Engineer: 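Let me begin by handing over the structure; questions about it come next.
Since we're looking at a predicted model, the values are computed, not measured.
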Amino acid sequence: MLQQTRVETVIPYWHRFLASYPTVESLARADLDDVYVLWTGLGYYSRARNLKYAAETVVANHQGRLPDSAEKLRELKGIGRYTAGAIASIAFGLEEPLVDGNVIRVFARVLGIRTDTTSKDVISRLWDIAGLLVRGTRPGDLNQALMELGAILCSPRKPDCGACPIQKHCDAYVQGDAESLPIKKRKPKPKPMRAVAAWIERDGKILVVRRPEKGLMAGLWEFPGGEIGLKEEGKDRCAEILQEVVGLGVRDPISAGHIEHIFTHRRLDLEVFRCRARPAQRVARSGYTDHRWIAPNTFLELAHAGSTRKAMRLLGLTDEISARNAKRKMP
DNA sequence: CAATCGTGGGT
DNA sequence: TACCCAAGATT
């Protein structure tokens with residue numbers, strides 16, 4: 001959960017997750033759909049699938065106990081170099097290093113690294129240095145201290161150098177350029193993208209579809225729809241797309257408005273329509289892995305992404321149901 | 001190696 | 001507003 005996600009964001013999800021799946025065995029036995037529900041709103045949903053798959057592997061191949069070496073941990077789905085180092089050092093007390101965004105920033109400043117820190121060369125060197133530092137009796141504490149230093153004092157903007165315990169050892173502090181480090185390649189802007197989605201009602205129920213297990217919002221439920229050209233008319237394309245993806249003919253799509261949603265690499269403009277399916281038709285899916293006709297309010301109980309949540313709100317679905325069941329109001 | 005994969009907070 | 005960033009991993 002912590003991969004690319006702030007601790008404060010993770011905490012309520014972590015409590016709910018552990019309440020549902022307190023053991024590796026319980027997660028291994030779980031229904032993947034239920035795991036996705038607990039991940040709703042957290043993002044990077046492949047982590048949920050990988051975590052469940054890893055739990056199954058641990059039960060099947062490791063007697064239900066996590067392997068106690070960084071090398072073996074890395075063989076599990078979703079566990080890369082950082083996570084293996086974190087588990088090995090913090091949970092097992094092994095002298096294994098870790099390098100995350102915080103550590104990169106701390107090292108770049110302390111050591112005065114003024115070249116691109118995203119290069120393979122520099123990253124490799126940082127891992128070597130972390131490996132030298134972690135030797136000792138409390139490797140987990142050393143690793144967490146490095147990350148905490150980066151998160152609390154040695155922050156990306158306005159680092160609190162005055163309170164830093166290693167100020168006098170810091171090259172960037174001496175040079176006075178801490179705020180401009182580390183140097184990174186700038187990331188491309190999110191590309192504009194348009195899509196339509198439809199509330200299709202029949203006999204008081206609406207049609208929802210499940211996305212494939214790979215790609216954007218993998219495995220999540222959404223309103224049926226699809227991508228359209230940047231200059232196309234949403235209303236015209238809506239009926240055509242529904243015919244393509246669910247095999248339903250609809251009449252008179254009426255726009256309920258647009259929502260905007262920013263992903264890391266996409267800027268989505270989603271136009272949402274209400275329409276009715278012509279009677280006596282069967283759903284014929286294309287691209288989706290499942291579909292259901294559900295009572296509208298129960299959509300909130302299925303795993304879904306933030307963009308779908310916005311569409312729901314636009315269509316008048318409130319989050320009263322999930323708010324009742326959750327300690328914290330879902331985003 | 002570059003692209004992909006979410007979302008929320010901060011400046 | 002626009003951009004950066006977060007206890008990264010996978011393809």
Engineer: Hey, does A/Arg49 reach any base, or is it just sugar-phosphate, or nothing, if we go heavy atoms under 4.0 Å?
Structural biologist: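 Counting heavy atoms under 4.0 Å across all strands, no contact is made by A/Arg49.
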Engineer: Side chain of A/Thr9, base of B/dG9: donor and acceptor closer than 3.5 Å?
Structural biologist: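 Result: no qualifying N/O pair found.
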Engineer: Could you give the distance separating B/dC5 and C/dA2 at their P atoms, to the nearest angstrom?
Structural biologist: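 To the nearest whole Å, 23 Å.
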Engineer: Checking all strands, does A/Gly215 fall into the base, sugar-phosphate, or nothing category for heavy-atom contacts under 4.0 angstrom?
Structural biologist: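 It contacts sugar-phosphate atoms only.
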Engineer: Looking at the rings of A/Phe223 and A/Phe273, which for Trp means the six-membered one, are their centres under 6.0 Å apart?
Structural biologist: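 Centroid separation for A/Phe223 and A/Phe273: 6.0 Å or greater.
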Engineer: Using heavy atoms to find the nearest nucleotide of DNA chain C for A/Arg74 and A/Pro182 separately, return the residue whose nucleotide is more 5′.
Structural biologist: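 Here A/Pro182 is the residue nearer the 5' end.
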Engineer: Along DNA chain C, 5' to 3', what are the outermost nucleotides having an atom less than 4.0 Å from a heavy atom of chain A?
Structural biologist: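 The contacted stretch runs from C/dC3 to C/dT11.
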Engineer: Roughly, in whole Å, what's the span from NZ in A/Lys184 to P in B/dA2?
Structural biologist: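 Atom NZ in A/Lys184 sits about 15 Å away from atom P in B/dA2.
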Engineer: When the P atoms of C/dA9 and B/dG9 are compared, how many Å lie between them, rounded to an integer?
Structural biologist: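 Those two atoms are separated by 24 Å.
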Engineer: When the nearest nucleotide of DNA chain C is assigned to A/Lys214 and to A/Glu148 on a heavy-atom basis, which residue is associated with the more 5' position?
Structural biologist: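 Counting from the 5' end, the first nearest nucleotide belongs to A/Glu148.
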Engineer: Salt bridge check: are A/Arg114 and A/Asp171 linked by an N-O gap of less than 4.0 Å?
Structural biologist: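 A/Asp171 and A/Arg114: salt-bridged.
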Engineer: Rounding to an integer number of angstrom, what distance separates C/dT11 and B/dC1 when you compare their C1' atoms?
Structural biologist: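 So the two C1' atoms sit 11 Å from each other.
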Engineer: Have a look at A/Met1 and say if it touches a base, only the backbone sugar-phosphate, or nothing, with a 4.0 Å heavy-atom cut-off.
Structural biologist: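 Nothing, no nucleic acid heavy atom in range.
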Engineer: I'd like the P distance from B/dG8 over to C/dT10, given in whole Å.
Structural biologist: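 These two P atoms come out 24 Å apart once rounded.
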Engineer: Indicate yes or no: does A/Glu75 engage A/Lys72 in a salt bridge with an N to O separation below 4.0 Å.
Structural biologist: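 No salt bridge links A/Glu75 with A/Lys72.
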Engineer: Atom OH of A/Tyr13 and atom P of B/dT7: how far apart are they, to the nearest Å?
Structural biologist: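 So the OH-P distance, A/Tyr13 to B/dT7, works out to 9 Å.
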Engineer: Rounded to whole angstrom units, what separation is found between the CZ atom of A/Arg157 and the P atom of B/dT11?
Structural biologist: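 Those two atoms, CZ and P, are 9 Å apart.
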